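In what follows, a single structure is set out as structure tokens and then discussed.
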Amino acid sequence: MTPIGRYISSPMTLLQNVRLVGCAGHFDLSIANGVVRNISAHSPSITAEATVSVIQGDGHLAIPAFVDGHMHLDKTFLGTDWISHVGADDVKTRIAEEKRLRRNHAASMAHRARTLAETALAFGTTAIRTHVDIDDETRLKGIEQILELREECSELLDVQVVAFPQSGLFSCATIVEDMKAAVEIGADVIGGLDPSLIDGDFDKSLAVTFGLADRFGKPIDIHLHEPGEIGASAVAKICERTVALGLQGKVVVSHAYCLADVPHDALSQLAEMMQFAGVAIMTGAPGAGKLIPVSALIDHGVRIFVASDNVRDAWAPFGNGDMLDRARLLAYRADFRDDAKLEFAFDCATDLPADILGFTSRGPRIGRQADIILLDTPMLAQAVCDVPTQRRIIRKGRLLPPGGGGIAQRSADTARHLDPR
Ligand SMILES: [Zn+2]
């Protein structure tokens, strides 16, 4: 696994003999200061100057590195002993149970978050949007530690931090003030959660969330677990407020399970509102029957992307931080079978979240940041189904040391110490 914080990008790199998606033949890529500057047909005889680093592509497929647009680095138990999952009847019970588990966990949040970030990087993710809890117990400690991690790993990972009121905005008097403070010390995005079922006041909740975004000039990313009519009303109100504040293209609704419940005609109307407002939808491709109607949303021009969400934490024992596996899950759940749709599932883990969330475009194209994965696979569509684990990761033109393996290599006792909380 790649230790975070030890690598800098190489000024000049020649990536030789790779294949590109949709292009016949083999190619050489010239990379300068971390950006792809030129692509030419592969020439076996070409020799690089001594000052240029050379990466032998060996005819492998070069694809963009992943963008994981919805993680919870602060929540994961990855890198520590297995914690048996405890059931919960509703979101409020789950939140309380999570607090209990995290309060009593022996390993520090900083260690667990770092482990997940390193694991994601080893799978080829070079950009992460992470939601970070702000509640009555954590206050700003989680935000501060994730901001420190972001600083430390900036050469390897681009990280956006969402100030996330996991217990609701109004569950105690300090949270709204802490949300403001979080942005002032470096959080990038205003988070939100279930305006009716958690915050208990639909209009007040959205007014505060959008008010913070307006005041600080920040985008919004709202967790919406609310079902059926309640959730659909929230989506409509979010679209209205987005347009009213001129935030088109800067608002994400995460999950939006309600869209799976909405009747066809109502869905069309709602999708048109989302398209007009530029409100995008994140799905984790959940396994419990609540997948958003992906094809219908795309047909209406609604932008979607896929992300890991919870990785082995109090919310779910599943997840491994591998976005290629997450693309496969999306394809499986959405019944994507032909090559074009399988490649679209891949785009949902790469180009689409980069564009929606405002990360620098990455991948093997001229002008893009040279964050590239090399796969020994015949075709991208096959890779989405096979999920090959042997990957070489290039970050800003520099080949990272062999990674993968991830979780098992992080011995729990290497960093087990008392939680500084
Ligand atoms: Zn989440």
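In what follows, every heavy atom counts, from backbone to side chain, and hydrogens, waters and symmetry copies are set aside. No experiment lies behind these values; they were computed from the predicted model shown. Each ligand, and each atom within it, is numbered from 1 in the order the structure gives.
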Inset, instruction - For Lys75 and Asp313, run salt bridge (charged side-chain N to carboxylate O under 4.0 Å, His left out): C-alpha distance rounded to whole Å, both residues' side-chain angles, the deciding distance at 0.1 Å, then the answer. - result: CA-CA 6 Å; Lys75 292 181 184 293; Asp313 58 23; over 6 Å; no

Inset, instruction - Output, in order, the C-alpha distance, side-chain angles, deciding distance and verdict of salt bridge (charged side-chain N to carboxylate O under 4.0 Å, His left out) for Asp221 and Lys250. - result: CA-CA 8 Å; Asp221 195 329; Lys250 295 184 177 175; over 6 Å; no

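Residue pairs satisfying the ring-ring contact (aromatic ring centres under 6.0 Å, His included) criterion with at least one member in residues 353-380, sequence neighbours excluded, are absent.
Relative ring orientation between His223 and Phe164 is described as parallel, the plane-to-plane angle staying below 30° on a 0-90° scale split at 30° and 60°.
Sorted by chain and number, the protein atoms of type N, O or S within less than 2.8 Å of the Zn ion (ligand 1) are His70 NE2, His72 NE2, His223 NE2, Asp309 OD1.
Both tests hold for Lys204 against Phe170: distance to the six-membered ring centre under 6.0 Å, angle to the ring axis within 45°.
With rounding to the nearest 0.5 angstrom, the CD atom of Glu240 is 10.0 Å from the CG atom of Leu206.
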